[in-house]
Amino acid sequence: MQGLLNEWRRTHYTKNVNVDLKDEEIIIMGWVHEIRDLGGIIFVLIRDREGMVQVTVPAKHVAPEVLEAIRKLRKESVVAIRGIVQEAGKAPNGVEILPEEVEILNPANQPLPMDPTEKVRAEIDTRLDSRFIDIRKASVSSIFKIKSQLLHTVRDFFYENGFIEINTPKLVASATEGGTELFPITYFEREAFLGQSPQLYKQIMMSSGMDKVFEIAQIFRAEEHDTLRHLNEAISIDMEASFMDDKDVMKILNNMITQVLIDTKEKCNNELTILEHDITIPDGPFPVVNYDDAVDIINSKGVEMEWGDDLSRAAEKALGDTMDGFYFLTEWPSEIKPFYVMPNKEDPTKSHAFDLMYKDLEISSGATRIHQYDLLVEKITEKGLNPDAFGSYLKAFEYGMPPHAGWGVGADRLTMVLTGSNNIRETVLFPRDRHRLTP
Ligand code: AMO
């Protein structure tokens, strides 16, 4: 294809076409969002990542080849348009473009598999099947722009606080958090698994002397349940720090989440407006509820729960009714937390594990870890696991493992909070659930 694509470069995103460019020649490239042909005059809305601009075509006043190209346009075809900017009060941004050259870079087949305008609401499955078109909608791309900002803020936050970014393997030989919920794979002639958490590696890194590390990566959970909060592949923001305990890393988590809220509100104002969602910045540290009090609250709401039970969905909802916004849930029973969690010295039935909740949604889990080899082996055995399977992990505890603590945050769940989405599938480009492995 000759013409604009080879000879020219895009000069502006649509959102940057404004009255300051009056009478200037510009080139935009994007998708045909809408065509309104009134005979004597044709209006075409061109959409790119940043927004939309109107191209106005007075049939009698444009070159015949321009008119011919405009009349050939179909919705969602990709075009390049060179034209002159004019003031137009009623159009988006108060401007329109009078085209001088129109090139169809790639036509879109008709009919489209789904409507990319916001006019027709499609079911989530239809949308996910044609996700590339779905993401063309501002209400959907806004979610991923906010998620991108979230990851940007998190990285900045860790670097500013002296953390080193690490990458740990996702092909692993054995379970990290217990024997269940793993995806088995074939690793040459052996069985292996997809990593369910970088937990063991980030702990090993404490013995390496790296002191403070973080990782943002995929976790894989072979959970059968089909809920609005679980996926089989999720993004976890993990950190681990030496010479720190649960209280220290809770503070870090609190500061990081607050920074994420501030940045999202400040830098994603446009996206939040599109999503009709507002973000409230908490005016102090997140409240802390211990497990004992949580059990009382939950029972007082008419949801039966015994000390030592994990929180059922009903229990989470009952607690979320009382606790608005973000809050920590601390002092969990040792029994229902993983083997690596440090028990309370005075009362070992309780532990130094915490969760960060947002209303009824668990956002993060963390804990002070056991750093003593003997205690760790004892706990692994107590949980019914075989210490032999943890050989390369346990070795790191025998030759100078510092005390340490850490946490993992579900990035997709945090994005739900930031965007006001009630289904985790909305916050993942290509979600993997019980029934979906494509696209
Ligand atoms: P946990 O298993 O609680 O802890 O996971 C940490 C956080 O990750 C998110 N998450 C999920 N998000 C979507 N779909 C899932 N199936 C899913 N599973 C987990 C949640 C959760 O709070 N090793 C510990 C962390 C630590 O102690 O450092 C761990 O993996 O938001």
Side-chain angles (χ1 to χ4, degrees), residues 147 150 154 163 166 168 170 172 175-178 180-183 194-206 212-242 244-246 248-250 252-253 256-257 260 310-311 313 316 326-330 332 334 336-342 351-370 379 383 393 404-418 421-428 431-434 436:
K147 194 175 190 179
L150 153 68
V154 164
F163 281 77
I166 60 165
T168 65
K170 306 303 154 208
V172 296
T176 44
E177 319 247 333
T180 55
E181 298 173 359
L182 290 177
F183 282 113
L194 294 179
Q196 72 186 121
S197 157
Q199 182 65 35
L200 305 193
Y201 290 100
K202 59 181 187 166
Q203 287 194 259
I204 292 173
M205 289 309 292
M206 295 300 96
K212 290 191 271 185
V213 301
F214 80 99
E215 175 168 17
I216 302 173
Q218 256 88 350
I219 56 171
F220 301 92
R221 308 269 166 117
E223 290 155 343
E224 292 269 350
H225 43 223
D226 198 358
T227 77
L228 299 177
R229 292 158 293 126
H230 292 89
L231 288 174
N232 297 109
E233 178 177 341
I235 298 291
S236 179
I237 302 165
D238 271 275
M239 65 77 75
E240 204 68 27
S242 296
M244 287 197 187
D245 65 10
D246 47 350
D248 299 319
V249 297
M250 280 165 67
I252 293 175
L253 179 53
M256 185 189 84
I257 298 285
V260 164
D310 206 347
L311 265 58
R313 186 69 195 121
E316 282 178 341
F326 286 98
Y327 59 97
F328 285 108
L329 187 48
T330 59
W332 282 79
S334 295
I336 49 171
K337 283 289 172 181
F339 63 82
Y340 52 78
V341 165
M342 181 71 93
S351 77
H352 288 279
F354 61 86
D355 279 4
L356 177 70
M357 306 287 295
Y358 179 82
K359 295 180 182 168
D360 60 356
L361 182 66
E362 181 199 313
I363 300 294
S364 174
S365 303
T368 309
R369 322 298 191 184
I370 295 173
K379 286 285 166 187
K383 296 277 178 194
Y393 167 68
H404 60 279
W407 42 254
V409 167
D412 317 298
R413 287 193 184 175
L414 183 53
T415 307
M416 290 171 74
V417 175
L418 298 177
S421 307
N422 64 7
N423 186 343
I424 193 167
R425 287 160 189 77
E426 298 282 359
T427 69
V428 175
R432 292 289 176 262
D433 64 22
R434 185 77 185 82
R436 182 174 287 278

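We count ligands from 1, going down the list as the structure has it; atoms in each ligand are counted the same way.
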Identify which of Arg413, Met239, Lys337 has a heavy atom lying nearest to atom 12 (N) of ligand 1.
-> Arg413
What residues form a side-chain contact (heavy atoms from CB on, under 4.5 Å) with Asp360, not counting sequence neighbours?
-> Arg313, Glu316, Lys317
Any atoms of ligand 1 less than 4.0 Å from a non-hydrogen atom of Tyr340? List them with their elements.
-> 23 (N), 24 (C), 27 (O)
Are Asp226 and Arg436 close enough for a salt bridge, meaning some N to O gap below 4.0 Å?
-> no
Using a 4.0 Å heavy-atom cut-off, say whether Phe354 meets ligand 1 through its side chain, its backbone, both or neither.
-> neither
If you count the atoms of ligand 1 from 1 in the order shown, which ones are under 4.0 Å from a heavy atom of Arg229?
-> 13 (C), 14 (N)
Could an N or O of ligand 1 be found under 3.5 Å from any N or O of Gln196, whether backbone or side chain?
-> no
Contact atoms of ligand 1, heavy-atom distance to Gly366 under 4.0 Å = 27 (O)
With heavy atoms under 4.0 Å as the rule, classify the contact between Asp412 and ligand 1 as side chain, backbone, both or neither.
-> neither
Atom 13 (C) of ligand 1: of Val428, Leu356, Ile424, the nearest heavy atom sits on Ile424
Is it true that Ala367 lies under 4.0 Å from ligand 1, counting heavy atoms only?
-> no
Within the distance-only criterion (no hydrogens, no angle test), does the side chain of Asn232 pair as donor or acceptor with the backbone N or O of Glu223 below 3.5 angstrom?
-> yes
Which atoms of ligand 1 are found less than 4.0 Å from any heavy atom of Glu223?
-> 16 (N)
Taking the six-membered ring for Trp, are His225 and His230 parallel (under 30°), tilted (30 to 60°) or perpendicular (over 60°)?
-> tilted
Any side-chain heavy-atom pair from Ile237 and Phe214 closer than 4.5 angstrom?
-> no
Select the closest option to atom 7 (C) of ligand 1 among Pro338, Ser236, Gly408, judged by heavy-atom distance.
-> Gly408
If you measure from each heavy atom of His225 to ligand 1, is any distance below 4.0 Å?
-> no
Could you establish whether Lys202 and ligand 1 come within less than 4.0 Å of each other, counting only heavy atoms on the residue side?
-> yes
Check ligand 1 against Ser197 and write out every atom of the ligand that is under 4.0 Å from a heavy-atom position of the residue.
-> 23 (N), 30 (O)
Short N or O distance, Gly410 and ligand 1, threshold 3.5 Å exclusive = yes
Nitrogen or oxygen atoms of His230 and ligand 1 under 3.5 Å apart = no
Glu240 heavy atom under 4.0 Å from ligand 1 = no
Separation between NZ (Lys147) and OG1 (Thr415), nearest 0.5 Å, reads 5.0 Å
Per-atom contacts, ligand 1 versus Trp407 - under 4.0 Å to a heavy atom | 26 (C), 28 (O)
With respect to Arg369, which candidate in His352, Glu240, His404 satisfies the side-chain hydrogen bond (donor to acceptor under 3.5 Å, both in side chains) definition?
-> Glu240
Answer yes or no: are there more than 12 heavy-atom neighbours, outside Asn422 itself, under 6.0 Å from its atom CG?
-> no
Mode of Ser364 contact toward ligand 1 - side chain, backbone, both, neither (heavy atoms, under 4.0 Å) | backbone
Is the backbone of Ile424 close enough, under 3.5 Å, to the side chain of Arg413 for a donor and an acceptor to pair up by distance?
-> no
Where on Glu181 is there a heavy atom closer than 4.0 Å to ligand 1, on the side chain, on the backbone, on both, or on neither?
-> neither
Side chain, backbone, both or neither: the part of Glu362 lying under 4.0 Å from ligand 1 by heavy atom | both
Quick check: does any side chain N or O of Ser236 sit under 3.5 Å from a backbone N or O of Ala217, one acting as donor and the other as acceptor?
-> no
Sequence neighbours excluded, the answer for side chain to side chain donor-acceptor pair (under 3.5 Å) partners of Thr168 is Lys170, Glu215
Asn423 side-chain N/O to Arg425 backbone N/O, donor-acceptor pair under 3.5 Å = yes
Is Asp246 close to Thr330 at the side-chain level, that is, under 4.5 Å between some pair of heavy atoms?
-> no
